[in-house]
Structures are given as C-alpha cells and as structure tokens.
Enquirer: 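Submitted below is the structure of interest, expressed as structure tokens.
For reference, positions follow the sequence shown, starting with 1.
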Amino acid sequence: MHRNQFRRCLEGTSSLPADLSLWLLDLEAAHLAHPCPRQRKADPILAEIRKAG
C-alpha cells in the first residue's frame, strides 16, 4: 500500500481495501486475545482498550 493511501485511510478520507481491513481486524483480535506479558500498567492506550473491552 502506498503511504499516501495509508495516510488517507488514517485521516478518514479514504477506506482500506476489504482484504486488508479484515486482516487488520483479525490481527487486532489476536493481539487482544494474547497480550504481551510485559505491558506497562500506566499505558493510556491500553487503559482505553481495557475500558472499551
């Protein structure tokens, strides 16, 4: 994927191709199901994910 296409996806002005979107969702699920055993307790991103889950 070209970096401009990726940037547009992050900005919300474009969308990902379906195959990449599904792959990223699968990757997210795998990371959530098998988190790193060395997580920082005060990580704000992880705290937000825990609240949403």
Side-chain angles (χ1 to χ4, degrees):
M1 170 181 285
H2 193 275
R3 67 180 178 203
N4 286 338
Q5 182 184 8
F6 185 67
R7 179 182 48 78
R8 289 181 188 120
C9 292
L10 292 176
E11 293 171 348
T13 59
S14 181
S15 61
L16 288 172
D19 60 336
L20 288 178
S21 180
L22 291 173
W23 176 76
L24 286 172
L25 290 170
D26 287 345
L27 188 60
E28 176 191 30
H31 280 283
L32 292 174
H34 306 283
C36 178
R38 295 184 181 187
Q39 294 180 3
R40 293 184 340 200
K41 300 292 182 206
D43 190 319
I45 293 174
L46 291 174
E48 188 172 320
I49 290 172
R50 286 186 200 106
K51 279 194 320 190

Enquirer: Just verifying a value: how many Å separate Arg8 CZ and Leu16 CG, rounded to the nearest 0.5 Å?
Expert: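 Here the interatomic distance stands at 13.0 Å.
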Enquirer: Tell me the closest heavy-atom pair linking Ile45 and Asp43, and the distance in Å.
Expert: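 Result for this residue pair: N-OD1, 2.9 Å.
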Enquirer: Atom CG of Leu25 and atom CG of Leu20: how far apart are they, to the nearest 0.5 Å?
Expert: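 Here the rounded value is 11.0 Å.
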Enquirer: In terms of hydrophobic clusters joined by side-chain contacts under 4.5 Å, are Leu24 and Met1 together?
Expert: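 Shared cluster, yes.
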Enquirer: Rounded to the nearest 0.5 Å, what separates atom CD in Glu11 from atom CZ in Phe6?
Expert: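 Spacing of CD (Glu11) from CZ (Phe6) equals 11.0 Å.
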